[in-house]
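Heads up: the structure comes next, in structure tokens.
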Amino acid sequence: MNTTLMEGIDVKKSMFKLEDLELNFYKYNDVFIENISINDLMDKTYRDKFFLYLDKRENEDDFKATLFTTLLLMRIEQLKDEDAYFLLSESSKIPDISFNGIELLSNNLLELFLQDPYFFIQQGNKLHETSLINYIMILLKEIIVKEEFFELNTGFAKLEKGMIILDYKVEKDFTNKELIKEVKKTPKLEVIFSPSLYSDWENKTMYFSDIQSFFNDILTEKLTIAENLYYKFNILPVLSEFRIKEIVNSSEEERITTYAAFIQDPDGYTNLRKAKNVSSEILQRIESGEEIEVIDNRGDWYLIKTKEGQTGYVHKSRVRTGEAFISRILKIYDRPDFSSFSKEILAKQEIEIVHQNLGWNFIKVNGASGYLPTEEKQQESQKDEKKKFSFLADEEDIKPEKKKGFWDNLFG
């Protein structure tokens with residue numbers, strides 16, 4: 001079967017646009033490039049002469065090598081054409097063809113690899129060829145982000161060990177339709193950015209894709225022993241370098257754990273601002289008592305997230321935290337006694353401690369008042385409860401443990 005370079009390709013389904021292809025323009029031996037037979041190109045004598053033709057540019061607008069490479073990539077994309085892979089590998093070894101070929105179309109080449117790494121591993125191993133896959137690994141390093149990326153760009157994320165995180169901005173420029181579908185299925189990592197160059201100097205929340213599933217056991221189980229070795233020597237080292245090494249909540253240098261809090265402002269509300277100052281743009285109004293999530297509490301202005309999902313800055317004086325407020329459910333008593341009448345209330349305002357007495361705080365909150373035990377008093381009560389049900393309780397009461405003094409320690 002004497003198939004041509006263009007035969008079998010549906011441009012409408014390709015990541016390349018028809019208007020970008022210079023068809024019916026470049027001729028070799030009176031045949032347009034797209035109509036050249038693949039069988040002829042597989043013949044070494046013919047191929048060597050054809051590559052000399054591609055290698056020689058007539059002028060700066062001569063992109064016949066680009067057209068040839070584009071056709072090969074389209075055949076790999078749609079037909080998984082093994083001959084096209086071979087011709088791509090051979091032509092990429094010639095500097096000038098490579099420069100106007102895979103280097104000019106590097107994004108498309110990388111997208112094809114991500115769409116089907118199995119095909120590239122299979123063909124690379126079959127041909128005992130590593131130069132093309134090594135070039136793809138160089139490209140891969142440029143679109144996967146490491147832990148320090150988030151630190152450098154003031155991004156806060158809950159990273160998990162093993163993640164392979166795709167650069168958000170690179171992903172947005174993908175043109176391979178099949179790859180775009182697969183990436184959409186992957187788990188997303190929420191990253192909250194403070195103003196930085198990456199976030200265009202704005203507070204932004206972006207969702208990065210974790211593509212570790214592209215290289216999981218489903219892939220390796222399909223590989224032969226030889227293909228597995230090829231994968232381990234040529235691809236796995238790069239993946240291992242860029243996998244998230246440990247579970248972290250923010251930058252490697254300083255961990256920041258998010259926590260619950262709420263707004264308390266004498267005006268009844270406070271403003272969520274775009275930057276760390278009172279003259280900054282107001283993003284949202286937050287009512288007093290409204291729960292928020294504190295993301296970064298360094299400095300006078302806290303980076304927070306509202307219940308609507310909006311992120312921005314609030315002055316620390318408007319943020320209330322503490323054990324009582326995180327749970328927000330308080331059990332208060334009418335007397336400083338655990339056996340007295342008690343009730344649970346939802347604390348939406350700041351607690352006012354009126355006075356303290358023997359491990360009890362008399363408080364006012366939400367218009368109600370009562371006695372709230374201190375943490376020490378709670379622990380003491382819990383110990384007493386445990387003691388009631390201990391078969392050693394009487395013995396412990398009668399024979400308390402004797403503490404050794406200085407002379408006892410000295411002489412045993």
Side-chain angles (χ1 to χ4, degrees), residues 4-6 9 11 14-18 20-23 25-26 28 33-34 36 38 41-42 44 47-58 60-144 166-167 170-171 173-180 214 230-231 234-235 238-239:
T4 66
L5 284 171
M6 192 67 187
I9 294 175
V11 181
S14 174
M15 58 181 165
F16 297 97
K17 296 179 181 178
L18 180 61
D20 294 333
L21 302 178
E22 293 185 296
L23 300 176
F25 191 78
Y26 300 106
Y28 175 69
I33 286 180
E34 62 270 23
I36 290 176
I38 292 178
L41 289 168
M42 295 301 290
K44 188 176 186 309
R47 182 172 65 252
D48 288 344
K49 292 179 180 179
F50 176 70
F51 283 173
L52 286 174
Y53 159 74
L54 292 182
D55 193 29
K56 185 179 179 182
R57 296 184 72 191
E58 301 297 332
E60 292 183 356
D61 295 324
D62 185 342
F63 290 101
K64 53 181 178 282
T66 308
L67 174 62
F68 175 69
T69 304
T70 300
L71 294 169
L72 295 178
L73 293 176
M74 291 172 75
R75 297 194 68 79
I76 293 172
E77 176 190 17
Q78 295 187 15
L79 306 173
K80 298 294 182 285
D81 190 324
E82 296 183 8
D83 290 339
Y85 185 95
F86 168 76
L87 294 170
L88 185 69
S89 173
E90 290 298 300
S91 62
S92 67
K93 295 173 184 176
I94 302 171
D96 285 346
I97 298 178
S98 174
F99 181 76
N100 290 292
I102 62 169
E103 293 178 49
L104 197 63
L105 302 169
S106 59
N107 292 340
N108 305 101
L109 174 65
L110 182 57
E111 287 182 41
L112 282 178
F113 170 77
L114 290 175
Q115 178 196 338
D116 190 0
Y118 173 66
F119 176 80
F120 281 78
I121 295 168
Q122 191 181 46
Q123 297 308 309
N125 175 69
K126 179 181 177 181
L127 299 173
H128 303 290
E129 184 278 331
T130 60
S131 59
L132 186 58
I133 206 72
N134 287 340
Y135 178 62
I136 292 173
M137 290 302 100
I138 292 172
L139 300 176
L140 188 63
K141 288 181 178 182
E142 296 176 358
I143 69 165
I144 299 177
L166 197 60
D167 190 314
V170 172
E171 178 186 334
D173 292 332
F174 281 168
T175 58
N176 186 313
K177 296 175 184 177
E178 291 302 315
L179 176 61
I180 292 170
F214 287 13
Y230 184 89
Y231 168 73
N234 298 290
I235 297 173
V238 174
L239 298 178

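Atoms considered below: every heavy atom in the structure, side chains included; atoms not considered: hydrogens, waters and symmetry mates.
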Non-hydrogen side-chain atoms of T175 and N107 separated by less than 4.5 Å
no
L88: which of L72, L112, D81, D83 passes side chain to side chain contact (heavy atoms under 4.5 Å, CB included)
L72
Heavy-atom check, side chain of M137 versus side chain of N234, under 4.5 Å:
no
How would you list, by chain and number, every residue that makes a salt bridge (Lys or Arg N to Asp or Glu O under 4.0 Å) with E178, sequence neighbours excluded?
K181
For the atom pair CD1 (I38) and CZ (F86), what is the distance rounded to the nearest 0.5 Å?
12.5 Å
Side-chain touch F68/L5, heavy atoms, less than 4.5 angstrom
yes
Considering all heavy atoms, the nearest D116-K80 contact
OD2-CE, 2.8 Å
Contact between I235 and I136 at the side-chain level, heavy atoms closer than 4.5 Å - yes or no?
no
Using only atom types and a distance under 3.5 Å, with no angle test, would you say the side chain of Y230 pairs donor to acceptor with the backbone of E129?
yes
Criterion side chain to side chain contact (heavy atoms under 4.5 Å, CB included) on E34 and T4, from CA distance to verdict
CA-CA 7 Å; E34 62 270 23; T4 66; over 6 Å; no
If you define the side chain from C-beta out and look only at heavy atoms, does anything of Y231 sit under 4.5 Å from N125?
no
At what distance, to the nearest 0.5 angstrom, does CG of L127 lie from CD1 of I133?
11.5 Å
Flag the pair F50 / L87 as yes when at least one side-chain heavy-atom distance between them is below 4.5 Å, and no otherwise.
no
State the CD-CG distance between E111 and L139, to the nearest 0.5 angstrom.
11.0 Å
CZ (F119) and CD (E77) are apart, to the nearest 0.5 Å, by 12.0 Å
Taking every non-hydrogen atom, the tightest pair across K177 and S14:
CE-O, 4.4 Å
State, yes or no, whether a side-chain contact exists between L166 and F214 at a heavy-atom distance under 4.5 Å.
no
Decide yes or no on side chain to side chain contact (heavy atoms under 4.5 Å, CB included) for M74 and L79, but give the supporting numbers first.
CA-CA 8 Å; M74 291 172 75; L79 306 173; over 6 Å; no
Run the side chain to side chain contact (heavy atoms under 4.5 Å, CB included) check on L67 and F25 step by step: do they pass?
CA-CA 10 Å; L67 174 62; F25 191 78; over 6 Å; no
Nearest-0.5 Å distance that lies between atom CG in D96 and atom OG in S91
12.5 Å
Answer yes or no: is there a donor N or O on one side and an acceptor on the other, between the side chain of T69 and the main chain of T66, under 3.5 Å?
no
In terms of ring plane angle, is the pair F120 and Y85 parallel, tilted or perpendicular, where the classes change at 30° and 60°?
perpendicular
Testing the basics here: between S98 and S92, what is the closest heavy-atom pair and its distance to 0.1 Å?
CB-O, 3.4 Å
L23 and M6: side chain to side chain contact (heavy atoms under 4.5 Å, CB included), yes or no, with the steps?
CA-CA 10 Å; L23 300 176; M6 192 67 187; 4.1 Å; yes
Check whether any side-chain N or O of R75 sits under 3.5 Å from a backbone N or O of I9 as a donor-acceptor pair, and report yes or no.
no
Keeping the roles fixed (side chain from K64, backbone from K56), state whether a donor-acceptor pair exists under 3.5 Å.
yes
Pairwise distance CG(N176) to CZ(F113) - rounded to 0.5 angstrom:
13.5 Å
Please tell me if the side chains of L114 and L140 come closer than 4.5 Å, counting only heavy atoms from C-beta onward.
yes
Report yes or no: is the cationic atom of R57 (NZ for Lys, CZ for Arg) under 6.0 Å from the centre of the six-membered ring of F63, at an angle within 45° of the ring normal?
yes
